[in-house]
Amino acid sequence: MPPVFAHGRLRLYLLKLLDEAPRHGYEVIRLLEERFQGLYAPSAGTVYPRLSKLEAEGLVTHATEGGRKVYSITEAGRAELAGRSGELADLELEIRDSVTELAAEIRSDVRGAAGDLRREMRAAASASATQVGEDDSWQAAKEELRKARQEWKEQARRAKDESRRAREEAQTARRQAKEAQDRAREEVQRIAGQLQEQFAKSGGVLGSLAGAWLGGTQSPGPGADRPSDKPSDRASGWAADLSATGDPARDLDRLLDRFRDEVRDAARDHGVTAARVAEARDHLAAAAARLSATFGSRP
């Protein structure tokens with residue numbers, strides 16, 4: 001039988017179940033069995049070690065209630081789940097395929113058993129051909145065959161329903177992942193537009209700000225040298241590949257374009273959160289005020 005979950009997929013699905021609600025280990029096992037309509041149920045030796053590993057990684061935590069550990073997802077776990085939303089949608093499709101394969105195996109087993117039973121029935125019928133009517137063993141064999149066929153139909157129906165539900169959930173997950181990506185892209189574009197407008201108004205030079213935000217440094221504390229306080233800081237290596245054109249206005253536009261591109265790349269690579277936007281706004285406000293003062297002063 002092929003594996004139900006590919007490598008690392010069960011770990012991701014456990015995070016999904018805990019994101020829905022806090023659960024204890026046997027409840028997780030029961031939910032997995034329900035998702036597979038009884039065709040698959042992981043053992044405690046499969047689930048509990050993975051829950052312990054997730055807890056060691058800081059992705060889940062547990063509390064003891066009624067003598068049992070109830071596991072809950074942490075913010076770090078939600079962050080990983082959000083970052084792997086596309087992979088989760090693929091996992092729903094994999095589960096659907098696994099259900100289909102399991103159902104096919106059950107169907108094959110039932111057919112094989114039914115074939116063996118028919119052969120046994122024919123042999124029994126041949127041996128009792130001289131008897132009139134059907135004896136008790138013949139009736140019992142027919143009843144077993146009827147039950148086997150009914151069980152196969154029920155298993156096939158459940159597998160079909162689960163496959164349809166998994167397909168619908170996968171489509172929903174893919175749509176939600178696309179919506180999240182679109183929202184993140186719009187937020188990055190909005191921030192970049194604000195940056196361009198703000199610095200176009202202030203006429204700021206962007207080298208020191210790009211080094212502070214994209215480089216991940218903190219704002220200088222009281223008494224510390226500000227980037228504009230030293231000529232060596234003002235002559236930093238940022239955007240050194242942009243040679244002067246002789247037109248200061250054009251040079252400033254090129255710096256603005258470079259800064260906007262680097263901000264977009266950083267946001268795309270590392271993600272945009274409300275906390276990062278707030279921190280970026282603080283950096284930008286401080287830099288805008290400092291650079292406005294610089295351009296407002298006499299050369």
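Using modelled atom types, no side-chain atom of Arg254 and backbone atom of Thr245 make a donor-acceptor pair closer than 3.5 Å.
Salt bridge annotation for Asp182-Arg185: present, with a cationic side-chain nitrogen under 4.0 angstrom from a carboxylate oxygen. With respect to the salt-bridge test (charged N to carboxylate O, under 4.0 angstrom), the residues Arg164 and Asp161 qualify. The pair Arg190-Glu187 counts as a salt bridge, with a side-chain nitrogen and a carboxylate oxygen less than 4.0 angstrom apart. Remark: Glu27 does not engage Arg68 in a salt bridge, criterion side-chain N to carboxylate O under 4.0 Å. Contact check on Arg165 versus Glu168 returns no salt bridge, with no Lys/Arg side-chain nitrogen under 4.0 Å from an Asp/Glu carboxylate oxygen.
The closest side-chain heavy-atom distance from Glu57 to Lys53 is below 4.5 Å. Contact of the Leu88 side chain with the Leu15 side chain is not registered, since no non-hydrogen atoms from C-beta on lie closer than 4.5 Å. Side-chain contact check for Arg260 versus Val263: every heavy-atom pair is 4.5 Å or farther apart. Looking at Ile191 and Arg264, their side chains never come closer than 4.5 Å, going by heavy atoms from C-beta outward. Contact annotation: the side chain of Leu59 never approaches that of Leu18 to less than 4.5 Å [non-hydrogen atoms, C-beta and beyond].
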**Report entry** Gln150 and Glu154: CA distance, side-chain angles, deciding distance, side-chain hydrogen bond (donor to acceptor under 3.5 Å, both in side chains) verdict
**Finding:** CA-CA 6 Å; Gln150 184 64 30; Glu154 180 64 19; 5.2 Å; no

Requested in this report: Take Asp241 and Arg258, measure what side-chain contact (heavy atoms from CB on, under 4.5 Å) needs, and give me the verdict at the end.
Outcome: CA-CA 11 Å; Asp241 57 315; Arg258 169 63 61 83; 2.8 Å; yes

Query - Trace of the salt bridge (charged side-chain N to carboxylate O under 4.0 Å, His left out) decision for Glu151 with Lys147 - result: CA-CA 6 Å; Glu151 177 66 18; Lys147 291 181 179 179; over 6 Å; no

Query raised in the report: Given Glu75 and Arg78, is the salt bridge (charged side-chain N to carboxylate O under 4.0 Å, His left out) satisfied, shown in steps?
Result: CA-CA 5 Å; Glu75 289 303 322; Arg78 288 192 178 91; 3.4 Å; yes

Query raised in the report: Yes or no on salt bridge (charged side-chain N to carboxylate O under 4.0 Å, His left out) for Asp265 and Arg268, after CA distance, side-chain angles and deciding distance?
Result: CA-CA 5 Å; Asp265 291 344; Arg268 183 190 63 238; 3.1 Å; yes

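One distance of note links CD1 of Ile29 with NE2 of His24; it measures 10.0 Å at 0.5 Å rounding. Atom CG of Leu12 sits about 5.5 Å away from atom CD of Glu87, to the nearest 0.5 Å. We find the NZ-OG distance between Lys69 and Ser52 to be 6.0 Å, quoted to the nearest 0.5 Å. Rounding to the nearest 0.5 angstrom, the gap separating the CG atom in Asp90 from the CZ atom in Arg84 is 11.0 Å. Residue Leu51 holds its CG atom at 12.0 Å from CZ of Arg23, rounded to the nearest 0.5 Å. Put simply, CG on Asp251 and CG on Leu256 are 11.0 Å apart, with the number rounded to the nearest 0.5 Å.
Partners of Glu55 under the salt bridge (charged side-chain N to carboxylate O under 4.0 Å, His left out) rule, at least two apart in sequence or in another chain, do not exist in this structure. For Arg183, the side chain to side chain donor-acceptor pair (under 3.5 Å) criterion is met by no residue, not counting sequence neighbours.
Between Ala239 and Leu255, the shortest heavy-atom contact is CB-CD2, 3.8 Å. Closest approach of Thr46 and Arg50 over heavy atoms only: O-NH1, 2.9 Å. Here the shortest heavy-atom pairing between Ala44 and Pro49 reads O-CD, 3.6 Å. Heavy-atom minimum distance, Arg174 versus Ala89: CG-CB, 3.4 Å. Closest of all the heavy-atom pairs between Val47 and Gly25 is CG1-O, 4.4 Å.
Under a hydrophobic-cluster definition in which Ile, Leu, Val, Met, Phe, Trp and Tyr are linked whenever side-chain heavy atoms come within less than 4.5 Å, directly or via other members, Leu54 and Val70 are assigned to different clusters.
Using cut-offs of 30° and 60° on the angle between ring planes, the pair Tyr48 and Tyr26 is perpendicular.
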